[in-house]
A.B. asks: 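Dumping the structure here so I can ask a few things about it.
Along the sequence shown, residues are numbered consecutively beginning with 1.
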Amino acid sequence: MIELHELRRIYRKGTDEVHALDGVALTVRRGEFVAITGPSGSGKTTLMNMAGLLDRPDSGTVRLDGQDTSQLTADALATLRNERIGFVFQSFHLLPQTSALENVELPLVYSRRAETDGLGMAALERVGLADRASHFPHELSGGQQQRVAIARALVQQPDLILADEPTGNLDSKTGAEILDIFGSLNETGTTIVVITHDADVSRRARRIVALADGRVLSDTSRE
């Protein structure tokens, strides 16, 4: 589903260069549950930004279902992200003055679907929050806010979910509940890639890719 070939990303500060990615090659197959691990500064988030078409590499290619994305315009990339990829972040990124349902429905503003009625509520139902649809973020717990963020990622029914430290701001019990949701989504066919430094999170994945200094250190699959 995702093919990353010899990705390099260099950040420059004055005369200094930081090689955030240094020749990374990685393939994620449809239906996998993959954890990308590594210490701070290993390139995890940069890798997710490339896989999610949020940033372009300095060199190398990113393919989504065989399509080389390097020549696509910014508008075409935005359309692919909106229709094919759902994002979940550590800090939720919910709009404070809109309800849970309105937050979930935001991606539908840019949707090319002929019919979008009911998709937001259906997504909230999938994460067990239909009864909180009219609540505002400040009226929800951290775990509930992250469930809303997951519902927002699901509302377009994407093939792929990319999650960057999705349990980082949650206690262990609530974090486990969020991972249960990812597990259930994966069982129904959604491809899940989680960026994490938490061993409890990576143990829930079926495949663990470890990064160090912008390179793939190990790639282990398990039952």
A.B. asks: Using the ring of each side chain (for Trp, its six-membered ring), is Phe136 parallel, tilted or perpendicular to His138, with breaks at 30° and 60°?
C.D. replies: parallel

A.B. asks: Could you state the interatomic distance from CZ (Arg215) to CG (Asp22), rounded to the nearest 0.5 Å?
C.D. replies: 4.5 Å

A.B. asks: Sort out for me which residue in Leu124, Leu108, Ile150, Leu106 forms a side-chain contact (heavy atoms from CB on, under 4.5 Å) with Val155.
C.D. replies: Leu108

A.B. asks: Hey, could you give me the CZ/CD1 distance between Arg207 and Ile192, rounded to the nearest 0.5 Å?
C.D. replies: 14.5 Å

A.B. asks: With a 4.5 Å limit on heavy-atom distance, are the side chains of Leu80 and Ile85 in contact?
C.D. replies: no

A.B. asks: So which atom in Arg81 and which in Leu53 form the shortest heavy-atom distance, rounded to 0.1 Å?
C.D. replies: NH1-O, 2.5 Å

A.B. asks: Taking all atoms of both residues into account, what is the closest heavy-atom pair of Ala123 and Ala151, and its distance?
C.D. replies: CB-O, 3.4 Å

A.B. asks: After noting the C-alpha distance and the side-chain angles of Arg8 and Leu21, does the key distance pass the side-chain contact (heavy atoms from CB on, under 4.5 Å) rule?
C.D. replies: CA-CA 5 Å; Arg8 286 181 167 80; Leu21 295 179; 5.6 Å; no

A.B. asks: With rounding to the nearest 0.5 angstrom, report the CZ to CG distance, Arg84 to Asp65.
C.D. replies: 4.5 Å

A.B. asks: With no hydrogens and no angle check, is any side-chain donor or acceptor of Lys44 less than 3.5 Å from a backbone partner on Ile195?
C.D. replies: no

A.B. asks: Could you point out which residue of Val194, Leu26, Thr45, Asp164 forms a side-chain contact (heavy atoms from CB on, under 4.5 Å) with Ile36?
C.D. replies: Leu26

A.B. asks: Would a 4.5 Å heavy-atom cut-off, applied to side chains only, mark Val148 and His135 as touching?
C.D. replies: no

A.B. asks: Taking the basic N atoms (NZ, or NE/NH1/NH2) and the acidic carboxylate oxygens, is any pair closer than 4.0 Å for Arg147 and Glu177?
C.D. replies: yes

A.B. asks: Check Pro158 against Thr190 and note the closest heavy-atom contact, atom names and distance.
C.D. replies: O-CG2, 4.3 Å

A.B. asks: Between the side chains of Asp198 and Thr196, is a donor N or O closer than 3.5 angstrom to an acceptor N or O?
C.D. replies: no

A.B. asks: Might you work through the side-chain contact (heavy atoms from CB on, under 4.5 Å) test for Lys13 and Val18, ending with a clear yes or no?
C.D. replies: CA-CA 8 Å; Lys13 292 185 178 180; Val18 176; 5.9 Å; no

A.B. asks: To the nearest 0.5 Å, how far apart are CG in Leu179 and CG in Asp200?
C.D. replies: 8.5 Å

A.B. asks: What closest approach, in Å, do Glu32 and Thr27 show between heavy atoms, and which atom pair accounts for it?
C.D. replies: OE1-O, 4.2 Å

A.B. asks: Report the residue from Leu217, Val193, Val34 that forms a side-chain contact (heavy atoms from CB on, under 4.5 Å) with Val209.
C.D. replies: Val34

A.B. asks: Could you walk me through whether Leu4 and Val28 pass the side-chain contact (heavy atoms from CB on, under 4.5 Å) check?
C.D. replies: CA-CA 9 Å; Leu4 310 178; Val28 177; over 6 Å; no

A.B. asks: Hey, what do you get for NE2 (His5) to OG (Ser70), rounding to the nearest 0.5 Å?
C.D. replies: 12.0 Å

A.B. asks: Testing the basics here: between Ala205 and Phe33, what is the closest heavy-atom pair and its distance to 0.1 Å?
C.D. replies: CB-O, 3.5 Å

A.B. asks: Enter the distance from Gln146:CD to Thr167:OG1 here, rounded to the nearest 0.5 Å.
C.D. replies: 8.5 Å

A.B. asks: For the residue pair His197 and Ser40, establish whether any side-chain heavy-atom pair is separated by less than 4.5 Å.
C.D. replies: no

A.B. asks: Taking all heavy atoms of Thr191 and all of Arg29, pick out the closest pair and write down the distance.
C.D. replies: CG2-O, 3.8 Å

A.B. asks: What do the steps show when you test Gln67 against Leu72 for side-chain contact (heavy atoms from CB on, under 4.5 Å), and what is the final call?
C.D. replies: CA-CA 10 Å; Gln67 180 181 15; Leu72 296 179; 3.8 Å; yes

A.B. asks: Considering only heavy atoms from C-beta outward, does the side chain of Leu95 approach that of Glu102 to under 4.5 Å?
C.D. replies: no

